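This report concerns only the one structure given below.
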Amino acid sequence: MEYSSDELLQLSGLQHFLFCRRQWALIHIEQQWKENFLTAEGREMHSAADDPFFNEKRKGLITSRSVPVVSYRLGLSGICDLVEFSQADHGVKLPGRRETYLPIPVEYKHGQPKKGLEDEIQLIAQCLCLEEMFSFSLQYGFLFYGKTRRRLQVNITQELRELVWQMSKEMHEMYKKRFTPKVKTSKACASCSLKEICLPELQKTKTVREYIHTSIYEEDI
């Protein structure tokens, strides 16, 4: 099965989806967004890497920024922050070049490595898109973290491949139904940019009337 161009979802949404299904639905279905200092830092870091006209070649390495990628089997499209094409004997052919190259995506993140798989999943999805586009199998990609200023190699395991397929399928099902799930509160809610839109406090034992009364009282103080 392949999706049409009209059915493609944002690849970057995988990170939101794994972090919180409700957050993903609020952003990608209800089109709601609010920036906080964490998202602002991330946007600033990506703006430094996103230059669609940047293309550098040196010593058998071609570096391209803001590379558009798509997978009609996954139904996802997005932008790779950076793709390094390393000259290799068993690589892929590039237009206008006689040599063959191995494409390796590099995804930029503003913070440091997370405990969850949100960053890895986004990178693996980029790899799967490149595999489909070039009819070539990749073994790994890189995550670059702004806080540590280091690259982290992420191997493309079968488990991660299957997780990307499973999540992309769930995303399409939820998007088709226009379904926004209820919140599941956690410590991550405190740093979520959509906290004021999501209102996770309302999902606790308080009634709506109690929540509004408490909010007004706290403002008066």
Side-chain angles (χ1 to χ4, degrees), residues 1-5 7-15 17-18 45-46 48-110 112-114 116-146 148-172:
M1 173 185 173
E2 289 196 355
Y3 294 92
S4 67
S5 297
E7 295 174 309
L8 296 176
L9 298 178
Q10 293 183 31
L11 185 153
S12 59
L14 281 170
Q15 186 181 34
F17 195 79
L18 185 59
M45 182 173 183
H46 278 83
D50 292 346
D51 181 356
F53 301 104
F54 180 86
N55 194 28
E56 180 184 17
K57 184 178 187 298
R58 55 184 176 83
K59 296 181 180 180
L61 179 70
I62 301 174
T63 304
S64 298
R65 292 180 181 171
S66 297
V67 179
V69 292
V70 64
S71 168
Y72 290 100
R73 286 182 286 184
L74 285 169
L76 301 174
S77 66
I79 301 291
C80 290
D81 289 335
L82 195 75
V83 177
E84 293 181 341
F85 295 90
S86 303
Q87 191 171 332
D89 293 335
H90 302 288
V92 300
K93 294 286 291 184
L94 297 179
R97 302 190 183 276
R98 284 186 272 182
E99 307 88 355
T100 56
Y101 294 84
L102 178 65
I104 302 296
V106 182
E107 175 65 15
Y108 282 70
K109 297 297 178 185
H110 74 280
Q112 56 189 353
K114 300 178 178 64
L117 293 173
E118 295 89 352
D119 295 344
E120 284 85 349
I121 286 301
Q122 184 178 356
L123 177 65
I124 296 299
Q126 293 176 1
C127 292
L128 297 186
C129 287
L130 288 169
E131 285 186 341
E132 185 174 325
M133 293 168 63
F134 287 103
S135 298
F136 190 82
S137 180
L138 299 179
Q139 304 301 317
Y140 61 90
F142 290 104
L143 289 169
F144 177 85
Y145 288 95
T148 61
R149 308 300 298 177
R150 291 178 179 274
R151 284 188 177 189
L152 176 66
Q153 180 173 317
V154 178
N155 296 323
I156 308 174
T157 65
Q158 185 60 31
E159 290 77 15
L160 289 174
R161 288 177 181 272
E162 291 175 358
L163 183 55
V164 170
W165 281 99
Q166 174 190 335
M167 289 177 57
S168 63
K169 181 181 178 181
E170 289 182 33
M171 284 167 54
H172 278 279

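Since this is a predicted model, take the numbers as computed values, not measurements.
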Ser168: what forms a side-chain hydrogen bond (donor to acceptor under 3.5 Å, both in side chains) with it, not counting sequence neighbours? none
Are more than 12 heavy atoms, taken from residues, nucleotides or ligands other than Lys169, located less than 6.0 Å from that residue's NZ atom? no
Kindly check if the number of other-residue, nucleotide or ligand heavy atoms within 6.0 Å of CZ (Arg97) is above 12? yes
Evaluate the ring planes of Phe144 and Tyr108, with Trp represented by its six-membered ring, and classify them as parallel (under 30°), tilted (30 to 60°) or perpendicular (over 60°). tilted
Quick one: pull up [atom1] in [X] and [atom2] in [Y] and give me the separation to the nearest 0.5 Å.
X	Y	atom1	atom2	result
Glu99	Lys93	CD	NZ	7.5 Å
Leu82	Phe142	CG	CZ	11.0 Å
Leu102	Asp89	CG	CG	11.0 Å
Arg65	Glu84	CZ	CD	10.5 Å
Leu11	Gln126	CG	CD	6.0 Å
Ile79	Gln10	CD1	CD	10.5 Å

Heavy-atom check, side chain of Arg73 versus side chain of Trp165, under 4.5 Å: yes
Is there side-chain contact between Tyr140 and Cys127, with at least one heavy-atom pair below 4.5 Å?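 No, side chains not in contact.
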Verdict with supporting geometry, Leu74 and Glu132, side-chain contact (heavy atoms from CB on, under 4.5 Å): CA-CA 10 Å; Leu74 285 169; Glu132 185 174 325; 5.6 Å; no
Donor on one side chain, acceptor on other, Gln15 and Asp119, under 3.5 Å: yes
Indicate whether any N or O donor in one side chain lies under 3.5 Å from an N or O acceptor in the other, for Gln166 and Glu170.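 Indeed, the side chains of Gln166 and Glu170 share at least one donor-acceptor pair under 3.5 Å.
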Check side-chain contact (heavy atoms from CB on, under 4.5 Å) between Ser135 and all other residues, then give those that pass, not counting sequence neighbours. none
Going by the rule side-chain contact (heavy atoms from CB on, under 4.5 Å), which residues pair with Leu160 if we only count those two or more places apart in sequence or in a different chain? Leu117, Ile121, Ile124, Val154, Thr157
Just by modelled atom types, is the Leu61 backbone N or O under 3.5 Å from a matching donor or acceptor in the Ser86 side chain? no
Can any side-chain N or O of Ser64 pair as donor or acceptor with the backbone N or O of Val67 at less than 3.5 Å?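 Looks like no, no N/O pair under 3.5 Å.
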Is it true that Glu131 and Arg161 have a side-chain N and a carboxylate O under 4.0 angstrom from each other? yes
